[in-house]
There are 2 protein chains.
Amino acid sequence: MQRSSEKPLTRIQKQNISAILEAALEVFSVNGFRGSTLDQIACAAGISKPNLLYYFNSKQAIHVALLSELLDAWLYPLRDMNPNGDAKDELMNYVRRKLDLSRNFPRESRLFANEIVQGAPRIDTFLKGDLKNLVDEKAKVISGWMDKGLIARFDPHHLIFSIWALTQHYADFEAQTSLIMGKDSDKIYDDASIFLEAIFEKILA
Amino acid sequence: MQRSSEKPLTRIQKQNISAILEAALEVFSVNGFRGSTLDQIACAAGISKPNLLYYFNSKQAIHVALLSELLDAWLYPLRDMNPNGDAKDELMNYVRRKLDLSRNFPRESRLFANEIVQGAPRIDTFLKGDLKNLVDEKAKVISGWMDKGLIARFDPHHLIFSIWALTQHYADFEAQTSLIMGKDSDKIYDDASIFLEAIFEKILA
DNA sequence: GTCTATATTAAGATAGAC
DNA sequence: GTCTATCTTAATATAGAC
């Protein structure tokens with residue numbers, strides 16, 4: 001049987017599925033799709049490989065399930081940016097929420113990063129569809145704010161990219177920053193928060 | 001025979017070795033270490049798999065060769081930052097040189113990104129050794145400039161991270177930016193250059 | 001130095017008992 | 001639903017002829 005069935009799930013099924021997804025997130029975010037094995041995932045989930053394949057037909061199927069969960073969550077903070085709110089507040093809040101995402105969901109960020117770095121073969125329709133549409137829409141909003149002189153004028157797309165780059169870096173390159181700083185990542189995020197707050201204050205002014 | 005030999009290389013050997021490294025860069029930067037196969041590399045290099053393994057003993061050996069070339073190049077622009085130069089010029093030049101690296105060597109950037117995202121298992125000694133030392137040293141220089149009021153005060157380590165994040169993003173996430181912008185990456189880099197110039201002017205002021 | 005052939009292991013997936 | 005056993009393919013690496 002496959003998870004696409006309409007029947008309600010038993011408690012055990014739900015438990016197993018979420019154990020699998022949790023394990024798969026752990027494994028895929030570290031090793032990428034091709035670098036991960038069903039053995040690793042089954043072991044991390046505490047079940048046997050055939051049992052894992054009872055819940056998901058294939059390795060691909062697990063990966064797709066993870067990514068679609070992720071992509072939904074990915075759009076939220078940007079979608080939430082309110083065109084009628086205070087321009088600077090809205091952008092600063094977006095920065096804060098994106099940094100919080102890196103802090104609280106670093107594995108999801110790295111799963112996404114793995115996909116993009118490797119050329120986004122499995123999510124290109126998302127990127128040039130839903131994501132592009134949302135970014136274009138919000139870029140127009142930001143551009144409108146710039147027209148009114150509420151924030152400084154820049155290319156709005158690149159301003160959005162800069163927020164992504166600066167916040168996701170702390171999750172995606174955590175191995176690097178933590179080795180260089182010699183601190184645990186919690187302290188790094190505290191400093192990052194202060195730093196990003198300060199530079200975006202200046203950028204937007 | 002192995003490349004560690006002291007004998008001078010023939011022209012054919014040099015040709016083959018550089019063909020292998022070029023092919024391996026192409027393949028590893030897209031698929032990561034585990035996701036890449038010797039078949040792919042041999043095919044891209046235009047030689048047979050056993051012949052490839054005549055020049056490099058193992059898949060690991062090719063990867064190590066690529067990474068050590070890369071890590072050297074990685075340190076240059078930062079090392080070049082002159083403590084006695086003009087503070088703002090030195091930092092702006094660092095930004096420019098890093099963006100040029102992304103533009104001219106995107107595959108190298110993605111090879112590096114693949115390594116870091118996946119937890120830097122093969123380059124952690126580099127990160128906490130040579131790289132950390134250099135970054136700490138340059139952070140002190142930058143901090144000195146801030147003390148003198150030559151540029152605005154921020155956490156110097158995070159300022160360096162921000163330069164990395166903002167410039168490398170264009171190479172590492174090129175699949176994303178080009179799909180969203182619907183432009184070829186050359187035009188994106190032109191705009192990125194203008195954008196980064198503008199925001200760092202404001203940040204440092 | 002380069003090739004064909006092959007040994008060896010690992011990985012995705014399935015069969016079938018319970 | 002879960003397991004053991006197993007099929008099948010693909011991938012790293014080597015042997016040995018030329």
Side-chain angles (χ1 to χ4, degrees), chain A residues 1-67 114 118 121-122, chain B residues 1-24 26-28 30-67 114 118 121-122:
Chain A
M1 282 299 98
Q2 204 44 25
R3 300 298 96 240
S4 47
S5 147
E6 332 73 17
K7 298 265 176 65
L9 301 170
T10 69
R11 208 180 67 257
I12 287 202
Q13 285 174 323
K14 282 189 202 164
Q15 259 178 22
N16 278 336
I17 289 173
S18 73
I20 291 170
L21 290 175
E22 158 66 25
L25 174 60
E26 189 70 31
V27 173
F28 280 134
S29 67
V30 171
N31 302 111
F33 180 73
R34 292 212 45 187
S36 302
T37 71
L38 292 179
D39 276 308
Q40 293 173 300
I41 297 170
C43 177
I47 63 175
S48 69
K49 197 161 49 160
N51 199 17
L52 184 157
L53 286 164
Y54 166 79
Y55 286 101
F56 292 89
N57 270 335
S58 67
K59 184 179 170 182
Q60 271 274 0
I62 307 174
H63 198 246
V64 167
L66 272 183
L67 277 181
N114 259 307
Q118 307 201 352
R122 287 169 284 265
Chain B
M1 283 299 97
Q2 205 42 27
R3 302 297 95 239
S4 48
S5 147
E6 332 75 16
K7 298 263 174 66
L9 301 171
T10 69
R11 208 181 66 258
I12 287 203
Q13 285 174 324
K14 282 188 201 165
Q15 260 178 23
N16 278 335
I17 289 172
S18 73
I20 291 170
L21 290 176
E22 157 67 23
E26 188 69 32
V27 173
F28 280 135
V30 171
N31 302 112
F33 180 73
R34 291 210 48 189
S36 303
T37 72
L38 293 179
D39 274 308
Q40 294 174 300
I41 297 171
C43 177
I47 63 176
S48 70
K49 198 160 49 162
N51 199 18
L52 184 157
L53 285 164
Y54 166 79
Y55 286 101
F56 292 90
N57 271 333
S58 66
K59 183 178 168 183
Q60 270 274 0
I62 307 175
H63 198 247
V64 167
L66 272 183
L67 277 181
N114 260 307
Q118 307 199 354
R122 288 170 283 265

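Each chain gets a letter, A, B and so on, in the order the sequences are listed, and its residues count up from 1.
An OP1 or OP2 oxygen of dT12(D) is reached within less than 4.0 angstrom by no side-chain nitrogen or oxygen of Asn57(B). Distances shown here put a side-chain N or O of Asn16(B) below 4.0 Å from the OP1 or OP2 atom of dT2(C).
Of the listed nucleotides (dT2(C), dA15(C), dC3(C)), dC3(C) has the atom at the smallest distance from the side chain of Ser48(B). Taking the side chain of Ser58(B) as heavy atoms from C-beta on, and the options dA13(D), dC3(D), dC3(C), the nearest nucleotide is dA13(D). For Ile12(A), taking side-chain heavy atoms from C-beta onward, the closest of the listed nucleotides dA13(C), dT2(D), dA13(D) is dT2(D). Of the candidate nucleotides dT2(D), dA13(C), dC3(C), dC3(C) has the atom lying nearest to any side-chain atom of Pro50(B).
Rounding to whole angstrom units, CG of residue Leu52(B) and P of dT4(C) are separated by 15 Å. Atom-to-atom, CD1 of Ile47(A) to P of dT4(D) comes out at 13 Å; the value is rounded to the nearest Å. Rounded to an integer number of Å, the gap from NZ of Lys59(B) to P of dA10(C) is 14 Å. Tyr54(A) places its OH atom 17 Å from the P atom of dT4(D), with the value rounded to the nearest Å. Straight-line distance from the CZ atom of Phe56(A) to the C1' atom of dG12(C): 16 Å, rounded to whole Å. Protein atom CZ of Arg34(A) is 12 Å distant from nucleotide atom C1' of dT9(D), rounded to whole Å.
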Per-pair distances, 0.1 Å, donor-acceptor, side chain in residues 32-45 of chain A, under 3.5 Å, sequence neighbours excluded:
unit_1: Arg34(A); atom_1: NH1; unit_2: Gly35(B); atom_2: O; d: 3.1
unit_1: Ser36(A); atom_1: OG; unit_2: Val27(A); atom_2: O; d: 3.3
unit_1: Ser36(A); atom_1: OG; unit_2: Gly32(A); atom_2: O; d: 2.6
unit_1: Thr37(A); atom_1: OG1; unit_2: Gln40(A); atom_2: N; d: 3.1
unit_1: Thr37(A); atom_1: OG1; unit_2: Gln40(A); atom_2: OE1; d: 3.4
unit_1: Gln40(A); atom_1: OE1; unit_2: Thr37(A); atom_2: N; d: 2.8

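Near DNA chain C, meaning a heavy atom under 4.0 Å away, there are no residues from residues 36-44 of chain B.
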